[in-house]
> 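I have a structure here, written as structure tokens, and I will follow up with some questions on it.
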Amino acid sequence: NTTGIYSVTLNDGSGCPYTTFIRIIVNSGPPAVIVNSGKDELCLGETTMLSVTANSNWTYVWSSNDPNANGQTTNYVYPGSTPPGTYTYTVIITDTTTGCLVNDTVVVSVQNVHAAALYTDTLVDQGTAITIGATATGGSGTYTYLWSPVDYLNDAHTSTPVSTPLADTHYLVTVTSGPCFDTAAVNVRVNIVQSPVAIPNAFSPNDDGKNDVFYPVITNAVAKVKTF
């Protein structure tokens with residue numbers, strides 16, 4: 001692997017040596033290190049650039065399962081304009097002055113995560129617990145959840161938190177997987193339930209037949225009132 005003069009000596013049957021010399025020139029090939037100027041994990045819609053050193057004496061051929069890059073003959077390609085999946089990019093560089101060639105390979109993953117609410121709008125009586133939730137697909141298969149606001153929730157970091165709302169609340173959940181995320185929304189509307197018993201805040205005991213006695217006002221929803 002070093003340029004120099006090399007010799008070889010042979011002995012014939014009579015023991016006489018024969019020596020010959022040859023000069024070997026070892027040409028160094030072009031460097032083939034792919035420079036990734038972005039990331040090797042992309043979200044759907046993102047792009048990055050893979051490049052190698054440019055030289056007018058070199059030719060480039062890319063091979064890839066990405067149809068946008070396969071067969072390209074520039075010193076750079078742009079992964080990412082593809083459906084989710086794992087893509088391999090190999091470049092072969094040939095030095096046209098020496099005939100030497102080298103290659104390098106990188107792998108880029110294109111991911112997409114999708115979040116969906118179990119239901120987007122629901123009505124619940126005030127103070128009644130209800131399980132809201134979201135599902136996720138795509139991405140790396142591992143998901144984290146963050147609900148906002150955290151009002152009335154028992155856990156803001158689970159896929160199925162329980163809400164016990166006292167007022168209308170619009171929840172937004174952010175689902176993250178690897179470098180990608182998606183959001184979904186749940187609108188919880190609260191039905192304000194009126195109490196079947198109302199307690200007056202005043203009475204007028206003047207024997208005029210109006211509001212002379214202090215007692216609770218009840219509706220037909222109450223079957224029995226016990227006084228003591």
> Ignoring hydrogens, what is the shortest heavy-atom contact between Gln72 and Asn68? Give both atom names and the distance.
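Smallest heavy-atom distance, with atoms named: NE2-O, 3.5 Å.
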> Is any side-chain heavy atom of Val107 closer than 4.5 Å to a side-chain heavy atom of Thr86?
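Touching, per the 4.5 Å side-chain cut-off.
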> Measure the CG-CG distance between Asn55 and Asp95 for me, rounded to the nearest 0.5 Å.
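Rounded to the nearest 0.5 Å, the CG-CG separation comes out at 7.0 Å.
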> Among Val77, Val52, Thr74, which one satisfies side-chain contact (heavy atoms from CB on, under 4.5 Å) with Tyr60?
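For Tyr60, the side-chain contact (heavy atoms from CB on, under 4.5 Å) check succeeds only for Val52.
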> Please check if the side chain of Trp58 supplies one atom and the backbone of Thr96 the other of a donor-acceptor pair under 3.5 Å.
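Judged by distance alone, no pair lies under 3.5 Å.
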> Are Tyr89 and Asp66 linked by a side-chain donor-acceptor pair shorter than 3.5 Å?
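Distance-only check passes for Tyr89 and Asp66.
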> Gly80 and Val110: which non-hydrogen atoms are nearest, and at how many Å?
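It is CA-CG2, 4.3 Å.
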> Ignoring hydrogens and angles, tell me if any N or O in the side chain of Ser177 forms a donor-acceptor pair with the backbone of Thr142 under 3.5 Å.
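Here the side-chain-to-backbone pair exists.
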> Testing the basics here: between Tyr171 and Asp151, what is the closest heavy-atom pair and its distance to 0.1 Å?
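So the minimum-distance heavy-atom pair works out to OH-O, 2.6 Å.
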> Measure the spacing between OG1 of Thr59 and CD1 of Ile93 and express it to the nearest 0.5 Å.
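These two atoms lie 9.0 Å from each other.
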> Report the distance from atom OG1 of Thr105 to atom CD1 of Ile92, rounding to the nearest 0.5 Å.
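CD1 of Ile92 is found 8.5 Å from OG1 of Thr105.
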> When you measure from the side chain of Asn154 to the backbone of Val162, do you find a donor-acceptor pair of N or O atoms at a distance under 3.5 Å?
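Yes, because the side chain of Asn154 sits within donor-acceptor range (under 3.5 Å) of the backbone of Val162.
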> Any side-chain donor-acceptor pair under 3.5 Å between Tyr143 and Ser159?
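There is no such pair (donor and acceptor under 3.5 Å, judged by atom type) between the side chains of Tyr143 and Ser159.
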> Just by distance, do the side chain of Thr158 and the backbone of Asp155 share a donor-acceptor pair under 3.5 Å?
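Answer holds: no.
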